[in-house]
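To keep things clear, I will list the structure first and then write my remarks on it.
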Amino acid sequence: MSLTELLPTVSQLTHEDKLRLIHFLLLAVAKEEGCNLETTQVNREQNLLNQLASTNAVVWSPQADAQAVTALSDLLRDAKEKANA
């Protein structure tokens with residue numbers, strides 16, 4: 001099938017199907033050039049795990065912060081006083 005025969009059909013595709021076609025063509029051309037752009041689900045999951053392992057997470061809690069504990073206590077005290085007034 002020639003490109004001129006194929007183009008009218010391609011123009012009738014939905015936006016999503018056109019994107020799938022672009023993706024398919026990109027992978028096909030890359031494969032012809034000797035590149036493998038496809039990533040498996042396992043590779044994606046491993047990449048995510050590697051990113052998480054290299055990330056330092058900081059967890060903050062008002063219970064571990066004396067100023068936050070005081071501020072929250074003051075707010076609760078003030079709210080109680082207003083409710084009792």
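All values derive from a computational prediction rather than experimental measurement.
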Hydrophobic cluster (4.5 angstrom, side-chain heavy atoms) - remaining members for L19:
I22

Does anything in residues 12-26 pair up under side chain to side chain donor-acceptor pair (under 3.5 Å), and if so which pairs, sequence neighbours excluded?
T14-D17, E16-R20, D17-R20

Among the clusters formed by ILVMFWY side chains lying less than 4.5 Å apart, do M1 and V29 turn up in the same one?
no

Who pairs with S2 by side-chain contact (heavy atoms from CB on, under 4.5 Å), at least two apart in sequence or on another chain?
T4, E5

Taking only residues two or more places apart in sequence or in another chain, which ones pass side-chain contact (heavy atoms from CB on, under 4.5 Å) with A30?
C35, L37

Side-chain donor-acceptor distances from residues 49-56 under 3.5 Å, at least two apart:
from: N50; atom 1: OD1; to: Q46; atom 2: NE2; distance (Å): 3.1
from: N50; atom 1: ND2; to: Q46; atom 2: O; distance (Å): 3.4
from: S54; atom 1: OG; to: N50; atom 2: O; distance (Å): 3.3
from: S54; atom 1: OG; to: Q51; atom 2: O; distance (Å): 3.0
from: T55; atom 1: OG1; to: Q51; atom 2: O; distance (Å): 2.6

Under the salt bridge (charged side-chain N to carboxylate O under 4.0 Å, His left out) rule, what pairs show up with a residue in residues 52-73, not counting sequence neighbours?
none

With V10 via side-chain contact (heavy atoms from CB on, under 4.5 Å) - residues at least two apart
L6, L13, L21

What's in the same ILVMFWY side-chain cluster as L7, cut-off under 4.5 Å, chained through other members?
L3

Can you list every side chain to side chain donor-acceptor pair (under 3.5 Å) pair that touches residues 75-85, not counting sequence neighbours?
D74-R77

